[in-house]
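Some notes on the structure that comes next.
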Amino acid sequence: MSKLGNLGARLHRGEISYDFIGHRKIWYGISILITITAILGLAVRGLNMGIDFQGGAVFTTPKTSVSVSQAEEYAKNASGHDAVVQKLGNGALRIQIAGMDTQQSNRIKTELAQDFKVDKEKIAADLVGPSWGDQIANKAWQGLAIFMILVVIYLAIAFEWRMAIAALVALIHDITITTGIYALVGFEVTPGTVIGLLTILGYSLYDTVVVFDSLKEQTKDITKQTKVTYSEIANRSINGTLVRSINTTVVALLPVAGLLFIGGGFLGAGTLNDISLSLFVGLAAGAYSSIFIATPLVADLKEREPQIRALRKRVLAKRAQAASTEDLVEARTGAAGDAAGEPEDATPAVVGPRHQPASRGRGRGGRPSGKRR
């Protein structure tokens, strides 16, 4: 068995564990700090909304040797706005400029034809109205609201309302962090971004439900015993599913990282950045929230129940009684051992030759009296 598999088996059996619940205040603090940073990024920088949401013009040039950076400079000089330029597979360029109307697009098309030294008719120009982007945004918000409502209803029925609240907080946490990262990085928000945001909710909810299911199984008839508290069982559930959550997250992140860093970074496929960044950040945030936010929050809510609070008192009282009994037994055992052994201050008896009484037949010096033979 591999080291990771052996670690997962030992975590599942409870041979080793990490106290996630006991350090929950640290995780809450980290999440609050990250969330505040994300909100500040949204407030200060805002989201870089794409042309689909703002409206504008999209110009597609024929195959050209002009670089992307040079094309961005041409488009900025012609329109007075920043442009998003993407190189297509056939060598053509796709230029997006937000906030353009029909008259402006015709003028910009003429100037771009002169800069690129191509016929004006060979540059395709398409206008995108902001109303279409508004429809996409409204549909996305509606879908998100419906998804949240269904999640809360399902978890409340399948588990309980406390788990539904914890899962909802974790999902809001993931969405806030992902949108905040978009604001700080400055990536363009497109319909692909919206799709990515909706996708990560399923991954985040999956990890959370796995832990909740284990917690539900282990807390059946929990009040009928006095060995463990609810928080300890919740911590055991996290440790038991920890390696599984890590494996599924890493497997999901690897292809997304390939899209983001290799496809968007090295190969310059900018069309992949919008969806790959939302997936990458969302998957990582979802794995974090399911372990460090959702389950500790459930434990906090459950510990407020009178029955669970009374259980905790009984468990702690029983452990205190067991500890005092063990100390008393150790003290008695030590006293009995001291009584059975030799005193530490006893002086050993000195063994020497016995004193022989003087014989009657002996004279002075101990020589026998009488005549010599």
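- Listed by first then second residue, pairs satisfying salt bridge (Lys or Arg N to Asp or Glu O under 4.0 Å) with a partner in residues 17-33 read R24-D300, not counting sequence neighbours.
- Residue V210 shares its hydrophobic cluster (ILVMFWY side chains chained together at separations under 4.5 Å) with Y206.
- Counted by atom type alone, S214 and Q218 present one or more donor-acceptor pairs between their side chains at under 3.5 Å.
- E303 and S231 form a side-chain donor-acceptor contact under 3.5 Å, judged by distance and modelled atom types alone.
- Under a 4.5 Å side-chain heavy-atom criterion applied to ILVMFWY residues, the cluster that includes I153 comprises I149, I157 as well.
- Note on residues 206-219: pairs passing salt bridge (Lys or Arg N to Asp or Glu O under 4.0 Å), not counting sequence neighbours, are E217-K220.
- Annotation: side chain of L205 is in contact with side chain of V151 (closest heavy-atom distance under 4.5 Å).
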Tell me which donor-acceptor pairs under 3.5 Å the side chains of residues 311-318 have, and how far apart each pair is, sequence neighbours excluded?
| unit_1 | atom_1 | unit_2 | atom_2 | d |
| --- | --- | --- | --- | --- |
| R314 | NH2 | T223 | O | 3.2 |
| K318 | NZ | T226 | OG1 | 3.2 |

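- Other residues sharing a hydrophobic cluster with I32 under the 4.5 Å side-chain heavy-atom criterion for ILVMFWY residues are I36, L40.
- Applying the ring-ring contact (aromatic ring centres under 6.0 Å, His included) rule to F159 yields no partners; only residues at least two apart in sequence or on another chain are considered.
- The ring-ring contact (aromatic ring centres under 6.0 Å, His included) contacts involving residues 212-241 comprise nothing, where partners must be two or more places apart or lie in separate chains.
- Atom CD1 of residue I233 and atom CD1 of residue I238 lie 12.5 Å apart, to the nearest 0.5 angstrom.
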Name the atoms and distances for all side-chain donor-acceptor pairs under 3.5 Å in residues 165-176, with sequence neighbours left out.
| unit_1 | atom_1 | unit_2 | atom_2 | d |
| --- | --- | --- | --- | --- |
| D174 | OD1 | S289 | OG | 3.1 |
| D174 | OD2 | S204 | OG | 2.5 |
| D174 | OD2 | S289 | OG | 3.2 |
| T176 | OG1 | I172 | O | 2.8 |

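- By the side chain to side chain donor-acceptor pair (under 3.5 Å) test, S324 pairs with no residue at all, sequence neighbours left out.
- Legend: salt bridge (Lys or Arg N to Asp or Glu O under 4.0 Å) pairs involving residues 136-163, not counting sequence neighbours, sorted by first then second residue: E160-R162, E160-K302, R162-E305.
- Applying the ring-ring contact (aromatic ring centres under 6.0 Å, His included) test to residues at least two apart or on different chains, the pairs with a partner in residues 289-330 are F20-F292, W27-F292, Y288-F292.
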